[in-house]
Number of protein chains: 2
Amino acid sequence: MTTGTSPAASTPRLPAELASSTTFLLKRLGFAAKEQALEAYDQTGLHPYHHAVLAVLDEGSRETQGAIADALGYDRGQLVGLLDELEDRGLIERKRDPSDRRRQSVRMTADGKRALAKLRALAVGLENDFLANLDESQRASLHGLLRELARQHLPHCVFRQDGAAVAADG
Amino acid sequence: MTTGTSPAASTPRLPAELASSTTFLLKRLGFAAKEQALEAYDQTGLHPYHHAVLAVLDEGSRETQGAIADALGYDRGQLVGLLDELEDRGLIERKRDPSDRRRQSVRMTADGKRALAKLRALAVGLENDFLANLDESQRASLHGLLRELARQHLPHCVFRQDGAAVAADG
DNA sequence: TATTGTTATACTCTATAACTATA
DNA sequence: TATAGTTATAGAGTATAACAATA
């Protein structure tokens with residue numbers, strides 16, 4: 001007997017029931033993308049979370065901490081530590097809002113802008129690598145389909161029509 | 001974190017840099033799919049991991065624990081607990097391999113088969129809900145694109161041509 | 001009393017590696 | 001010595017809630 005070219009001689013195969021599920025692939029691929037990103041960001045000393053925070057600050061400065069957390073869907077307690085780290089590296093500054101001293105105004109420094117530029121380049125490279133097997137039209141198609149799912153499942157993501165772009169975070 | 005369900009009403013918007021990234025959407029959608037699955041499986045008293053294990057046993061019985069772990073990419077230590085729980089519920093049986101008493105042969109019981117059928121129905125419903133916004137042709141397109149990415153990033157998943165299917169796990 | 005930011009606590013996952021019994 | 005399974009431990013990540021300052 002010989003199953004000859006039966007798939008995956010060495011690797012015990014995943015049940016077809018799993019491998020043929022779209023949501024299964026989505027989960028595993030999302031996890032793989034996250035892992036690759038974490039590893040790459042490690043070398044920068046920053047986390048994708050930091051990139052996400054800087055990206056928010058770049059779109060509209062003078063943000064309050066609550067607004068940043070809400071924009072990203074992060075917990076406010078979690079954000080404190082991220083901002084501490086960004087502040088320690090001189091990438092952002094916090095100052096009390098004089099009109100409401102409970103609030104902190106957060107703004108990006110010049111060094112922060114430079115760091116963001118580097119993180120963007122890193123993210124572009126990562127995205128490009130991850131999608132390497134797809135041509136331009138396939139990438140556009142995939143993006144459109146995922147956006148449609150996002151409309152349904154990520155109410156947080158408000159979409160206008162946008163071109164290509166690339167990003168960090170988890 | 002909870003990238004979950006924050007309502008979109010007055011929500012400060014996510015930076016376009018993030019929202020327009022395909023890998024970002026992949027990560028968040030994968031996370032959302034996982035969350036939905038976990039919540040739904042909770043009511044069954046079983047975890048998607050349990051479903052995955054049963055699915056392996058259904059394809060080829062008499063599996064050894066190491067083979068099951070390898071097939072799913074799980075750690076062997078992690079698998080022990082999962083099998084303990086399945087055994088406690090009478091869904092699987094373990095018995096020592098007489099020819100090598102270090103090995104355990106694991107097989108699914110009749111109750112296990114019934115449980116698997118229910119989990120499959122649950123998974124089908126979940127997948128259908130998750131893809132609700134896509135028509136048949138879009139679903140096929142998405143699945144094909146994800147499979148292409150899986151070829152690149154999930155060497156674990158060996159694909160033959162398959163029809164539609166649905167699955168659990170994370 | 002409610003809210004902003006902060007801190008502390010607890011819980012879930014997972015990865016590592018020690019341990020046993022067989023080989 | 002090496003391997004299959006088991007158990008125990010430690011660490012990261014995250015969610016919860018208590019807390020202080022201000023409104």
Side-chain angles (χ1 to χ4, degrees), chain A residues 12 27-28 30-32 34-35 37-39 41-42 45-50 52-53 56 62-88 92-107 169-170, chain B residues 1-6 10 12 27-28 30-32 34-35 37-39 41-42 46-50 52-53 56 62-88 92-107 169-170:
Chain A
K27 285 185 263 186
R28 290 256 173 148
F31 193 75
K34 185 180 171 188
E35 274 191 325
L38 286 179
E39 189 177 358
Y41 275 74
D42 250 1
L46 294 173
H47 192 279
Y49 290 153
H50 295 124
V53 171
V56 171
R62 298 263 162 205
E63 302 273 1
T64 183
Q65 294 192 196
I68 297 170
D70 291 346
L72 295 170
Y74 294 173
D75 179 83
R76 292 177 183 211
Q78 180 192 12
L79 186 64
V80 174
L82 293 173
L83 291 176
D84 287 347
E85 291 152 359
L86 288 171
E87 198 172 28
D88 288 346
I92 63 137
E93 284 176 357
R94 284 190 269 209
K95 71 161 194 278
R96 289 280 165 197
D97 179 343
S99 71
D100 181 347
R101 294 192 38 74
R102 291 173 306 181
R103 288 184 155 86
Q104 300 256 44
S105 316
V106 183
R107 70 171 199 82
D169 163 82
Chain B
M1 175 173 66
T2 292
T3 62
T5 38
S6 62
S10 61
K27 286 186 262 186
R28 290 257 172 148
F31 193 76
K34 185 180 170 187
E35 272 191 325
L38 286 179
E39 189 176 0
Y41 275 74
D42 250 0
L46 294 173
H47 191 279
Y49 289 153
H50 295 124
V53 171
V56 171
R62 298 264 163 202
E63 301 275 0
T64 183
Q65 294 192 196
I68 298 170
D70 291 346
L72 295 170
Y74 294 173
D75 179 84
R76 293 176 183 213
Q78 179 191 14
L79 186 63
V80 174
L82 294 173
L83 291 176
D84 287 346
E85 291 152 359
L86 289 170
E87 199 171 27
D88 287 347
I92 63 136
E93 283 176 357
R94 282 191 268 209
K95 72 160 192 281
R96 288 281 164 196
D97 180 342
S99 71
D100 182 346
R101 293 192 39 73
R102 290 173 306 179
R103 289 184 154 85
Q104 301 256 44
S105 317
V106 183
R107 68 170 200 84
D169 162 82

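First the proteins, then the strands, lettered A, B, ... as listed; each starts at 1. All values below were derived from every heavy atom in this structure, side-chain atoms included, with hydrogens, water molecules and symmetry-related copies excluded.
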Side chains of Gln104(B) and Lys95(B): does their closest heavy-atom pair fall under 4.5 Å?
-> no
Rounded to the nearest Å, what distance is computed from the CD atom of residue Glu87(A) to the P atom of nucleotide dG5(C)?
-> 13 Å
Is it true that Arg102(B) and Asp97(B) have a side-chain N and a carboxylate O under 4.0 angstrom from each other?
-> no
Which is true for Asp75(B) with a 4.0 Å heavy-atom rule: it touches a base, it touches only sugar-phosphate, or it touches nothing?
-> base
Write down the distance between CG (Leu79(B)) and C1' (dG5(D)), rounded to a whole number of angstrom.
-> 10 Å
Any chance you could lay out the side-chain contact (heavy atoms from CB on, under 4.5 Å) test for Leu86(A) and Arg94(A), step after step, and finish with the verdict?
-> CA-CA 10 Å; Leu86(A) 288 171; Arg94(A) 284 190 269 209; over 6 Å; no
Along DNA chain D (nearest heavy atom to each residue), the more 5'-positioned of Asp100(A) and Gly77(B) = Gly77(B)
Interatomic distance where CD belongs to Gln104(A) and P belongs to dT7(C) [whole Å] | 10 Å
side-chain contact (heavy atoms from CB on, under 4.5 Å) between Lys34(A) and Phe31(B): does it pass, once the steps are laid out?
-> CA-CA 10 Å; Lys34(A) 185 180 171 188; Phe31(B) 193 76; 5.8 Å; no
So, is Thr64(B) close to the dG5(D) phosphate, meaning a side-chain N or O under 4.0 Å from OP1 or OP2?
-> yes
Between dA15(C) atom C1' and Glu35(A) atom CD, what is the distance in whole Å?
-> 12 Å
Is any side-chain N or O of Tyr49(B) closer than 4.0 Å to OP1 or OP2 of dT14(C)?
-> yes
In whole angstroms, how far is the P atom of dA4(D) from the CG atom of Leu83(B)?
-> 15 Å
Looking only at heavy atoms, which two atoms of Lys27(B) and Ala37(A) are closest? And how far apart?
-> NZ-CB, 4.1 Å
Side-chain N,O (Gln78(B)) to OP1/OP2 (dT16(C)) below 4.0 Å | no
Take the protein atom CZ of Arg101(B) and the nucleotide atom P of dT20(C), then report the distance between them rounded to whole Å.
-> 18 Å
Could you state the CG-P distance from Asp97(A) to dT4(C), rounded to the nearest angstrom?
-> 12 Å
Write down the distance between CG (Leu82(B)) and P (dT6(D)), rounded to a whole number of angstrom.
-> 12 Å
Nucleotide N/O of nucleotides 1-3 of chain C paired with protein N/O under 3.5 Å:
residue	atom	partner	partner atom	Å
dT3(C)	O4'	Arg102(A)	NH1	3.3
dT3(C)	O2	Arg102(A)	NH1	3.0

Are any of Gln65(A)'s side-chain N or O atoms less than 4.0 Å away from OP1 or OP2 of dT6(C)?
-> yes
